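Everything below concerns the one structure shown next.
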Amino acid sequence: MRHVTVIGGGPAGSAAAITARQLGADVRLCEQSRFPRHKVCGEYLSPEVAPLLERLGAFDEFLARGPHRMTRLSLHFRRASKHSKLPEPAYGLSRHALDHLLIGHTENVVRERAQPERGMVVASGRPAAPSARAPRQFGFKAHFEGPSTDTIELFFFDGCYVGVNGVEGGVTNVCGLGPEDTLRRYGFAPDGLLESFAPLRDRTRPLRRSMDWLTTGPLDYGQRLEPDRDVYLAGDALSFVDPYTGSGMLAGMLSGISAGRSAALGEPPVVHYRRCAGLLRRAYLVSSLFRFMIRSGAADALIGLVPGRWLVSWTRPARLR
Ligand SMILES: Cc1cc2nc3c(=O)[nH]c(=O)nc-3n(C[C@H](O)[C@H](O)[C@H](O)COP(=O)(O)OP(=O)(O)OC[C@H]3O[C@@H](n4cnc5c(N)ncnc54)[C@H](O)[C@@H]3O)c2cc1C
């Protein structure tokens, strides 16, 4: 029996551990934090997550947690807004619930901070990016009580992005990121930032914050699909897709499944990386392009020309066969 060690118990690491176990490996998962825990994340899951959770044996439990259902998308820019129907309903479930649920489907979890070694699956999340290029970007998130809608709303202004969407229990998640100098203007307390853009102010005014703001960063958009040949990198440790796409957890589970499979079968890491490139390359390319358009202001002018359905599907990873 093959022994597989996985570092990290987020969506990517748990997906890797469950997959390797399904293929008969003896798996050990090292996670440094105590779960459940909150995490900076938009907590938006596109419908493509359903077959992956089914494959991991976790879909029934996912539904039992009562994920919020979203059927509409609204994009707000300084000079334009766009409203469309999502091609299929999407889900909102907190990381507090989702990560706990997934790690609960793994066995032999050790609470320790592990060091990567040859042959391990490394799903330890975004690497620290102290040297990230200016303007450095930081993320923030908090849960709110108050009216919840069936719309995922994304607000783009002053180099910032903020997403507002429901999660389980009628809670609303407000999550975003922005450049350091803008966030500093509000003392890194995002309440002031929410007030500074009228459509976002109108959406969040009836809400009451129910937890302290969490922050993370600086963020590094490293998208390395030709990485370390000794270990099986998965999830954000492999590559970090732009948060506004809502594809990070999906990409993490896909690359986690791929890594767990290769590690359990003894395939060399290059097989895993080729599979990931096929699954993720287009989503990364398109999301980097949108990032450039958003930062340059071109998105304001062009957004009206692109059907919402395309925006959603172009930033999705390919389906796993
Ligand atoms: C502002 C923002 C908004 C986002 N919004 C969305 C969204 O709406 N939808 C979406 O799908 N994605 C979103 N994402 C992206 C998503 O959060 C990530 O893609 C996802 O968390 C990646 O999962 P992962 O398992 O690779 O890493 P993580 O979730 O970061 O998990 C890594 C785990 O490894 C553990 N760990 C780290 N080092 C060690 C070590 N040495 N030993 C043991 N354990 C270790 C950590 O404690 C952690 O639990 C967003 C990200 C940001 C920053």
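Counting convention: from 1, in listed order, for ligands and their atoms alike. Owing to the predicted nature of the structure, the values given are computational and were not obtained by experimental measurement.
Inspection of the S210 and H143 side chains reveals no N or O donor paired with an N or O acceptor under 3.5 Å. Judged by distance alone, the side chains of R275 and S258 do bring a donor and an acceptor atom under 3.5 Å apart. A side-chain donor from one of E61 and H105 sits under 3.5 Å from a side-chain acceptor of the other. Side-chain atoms of S46 and E48 form a donor-acceptor pair, as typed in the model, at a separation below 3.5 Å.
For ligand 1, residues of the protein lying within 4.0 angstrom by heavy-atom distance are I7, G8, G9, G10, P11, A12, C30, E31, Q32, S33, F35, R37, K39, V40, C41, G42, E43, Y44, R95, E112, R113, A114, A123, S124, G125, C175, G176, G235, D236, F240, P243, G246, S247, G248, M249.
Here salt bridge (charged side-chain N to carboxylate O under 4.0 Å, His left out) pairs that include residues 96-109, with residues two or more places apart or in two chains, are R21-E107, R37-D99, R95-D99.
Judged by a 6.0 Å distance limit and a 45° cone about the ring axis, R126 is positioned over the six-membered ring of F240.
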